[in-house]
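Read through the structure below, which is laid out as C-alpha cells, and then see the notes.
Just so it is clear: chains get the letters A, B, ... in the order the sequence lines come, proteins before strands, and each one is counted from 1.
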Number of protein chains: 2
Amino acid sequence: MKRSSKQIEYTEDTEALANFAKALGHPTRIVILKHLENQSCCFTGDLVDVLPLAQSTVSQHLKELKSAGLIQGELKPPKIKYCINQENWNIAKTLFQQFFD
Amino acid sequence: MKRSSKQIEYTEDTEALANFAKALGHPTRIVILKHLENQSCCFTGDLVDVLPLAQSTVSQHLKELKSAGLIQGELKPPKIKYCINQENWNIAKTLFQQFFD
DNA sequence: AGACCCTATCGTAAATTTACGATGGTAAAA
DNA sequence: TTTTACCATCGTAAATTTACGATAGGGTCT
C-alpha cells in the first residue's frame, strides 16, 4: 500500500472470512487440506513427497495454514503430525455457508 | 517466484476453488459481495460512497471480482450496474460446500 | 559425544497485490 | 458542440506472497 491509509474497519466476520479465504487462495494449500481431510493427519514429509515443491516451500504453506488456524501441528519426534483444526474448520465452514446464503 | 519452476499441475476443481478463494481473500471484496447480495445489484459509485477507498481502488477490486467470474457488469449509461454472476456463484458455492465436506 | 532424520527458519529474488492520483473515454445533458 | 458525470485504465510505490537453497535446531540412535 502506497499510503498507509486510514486503517479500514471491517466487521469481525468479514475479516475472519477474508482471512480463511486468503489461506485457501492457493492451489497448493487446497491440495494440502484435501490430503489432511482424507488422511485425517499427516507428516510434512508425506506432503513433500506428493508436492513438486521444495521442503522449505511446503513448510511455508503449512505455516500459513497454521497461522490461519485451519491446521495444527503436533510434535511426534522426529516428525511433526499435522491435522485439521476441527474447531476453526467448523467456524470457517459456517462462515462460508452463511456467505453463500 | 524465484525459479520459474516446473509449472505445477493441479486438478481443475482445485484450481477453480483456489481461484474463487483468492478473490474472496480480501475484506473489501467480501464487503462488496455482501452488498451485492443484499441489493442484488449496484453501481460503482454506491460502493465508493460506502468504502473509505479511492475510486480507482474500488474499481480495481471490482475488476478482480469480475475476472474471477463472481460478478458481472452491465452498461447502464452513464453508470455501470454490477450484479452477482449467479451461475459462477453457484459453482463457487458448490465447490466450497464439497470442500468443507 | 557424534551422526543422522526431519522440519523450521533465514536470506534472498521475482512476481503479485493493494493502494493512490492522474488521465482518458463514453454517453447523456446543456 | 461543449460540458458534465461516471468509471476504467495507466503509472507508480510499497507491501506481501511465493519460491528456492542453505542453515539451524530438536530429538534418536549408535
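- As judged by a 4.0 angstrom heavy-atom cut-off over every strand, Ser56(B) is placed among the base-contacting residues.
- Between the side chain of Gln60(A) and the base of dA8(C), no donor-acceptor pair under 3.5 Å is found.
- Between Tyr82(B) and dA8(D) there is a side-chain N or O to OP1 or OP2 distance below 4.0 Å.
- Note on Thr57(B): every side-chain N or O is 4.0 Å or more away from OP1 and OP2 of dA19(C).
- dA8(C) atom C1' lies 18 Å from atom CD of Gln72(A), rounded to whole Å.
- Heavy-atom minimum distance, Thr14(A) versus Pro27(B): CG2-O, 3.6 Å.
- Here the nucleotide nearest the side chain of Ala54(A), chosen from dG21(C), dC7(D), dC20(D), is dC20(D).
- Within the 4.0 angstrom heavy-atom criterion, no nucleotide atom of any strand lies near Lys66(A).
- Note: CG (Asp49(A)) to P (dT7(C)) measures 9 Å, nearest angstrom.
- Judged as a ring-ring contact (aromatic ring centres under 6.0 Å, His included), and not counting sequence neighbours, Tyr10(A) has no contacts.
- Residue-to-nucleotide proximity on DNA chain D shows that, of Val58(A) and Gln55(B), the 5′-proximal contact is made by Gln55(B).
- Among the atoms of the strands shown, none is found under 4.0 Å from any heavy atom of Lys81(A).
- One can place NE2 of His26(A) at 11 Å from P of dT16(C), the figure rounded to the nearest angstrom.
- With distances taken from any side-chain atom of Lys22(A) to the nucleotides dT16(D), dC20(C), dC6(C), the minimum falls on dT16(D).
- For His61(A) and dT17(D), the shortest distance from a side-chain N or O to OP1 or OP2 is not below 4.0 Å.
- Backbone-only contact: Thr44(B) has heavy atoms under 4.0 Å from sugar-phosphate atoms and none from a base.
- Shown here are the side-chain contact (heavy atoms from CB on, under 4.5 Å) partners of Ser67(B), two or more places apart in sequence or in another chain: there are none.
- Taking atom CG on Leu51(B) and atom C1' on dA19(C), their separation rounds to 13 Å, with Å as the unit.
- The side chain of Leu53(A) sits closest to dC20(D) out of dA8(C), dA8(D), dC20(D).
- Within 6.0 Å of CD in Glu87(B) there are 12 or fewer heavy atoms belonging to other residues, nucleotides or ligands.
- Side-chain contact between Leu24(A) and Leu33(A) is present, with at least one heavy-atom pair separated by less than 4.5 Å.
- Straight-line distance from the NZ atom of Lys79(B) to the P atom of dT4(D): 18 Å, rounded to whole Å.
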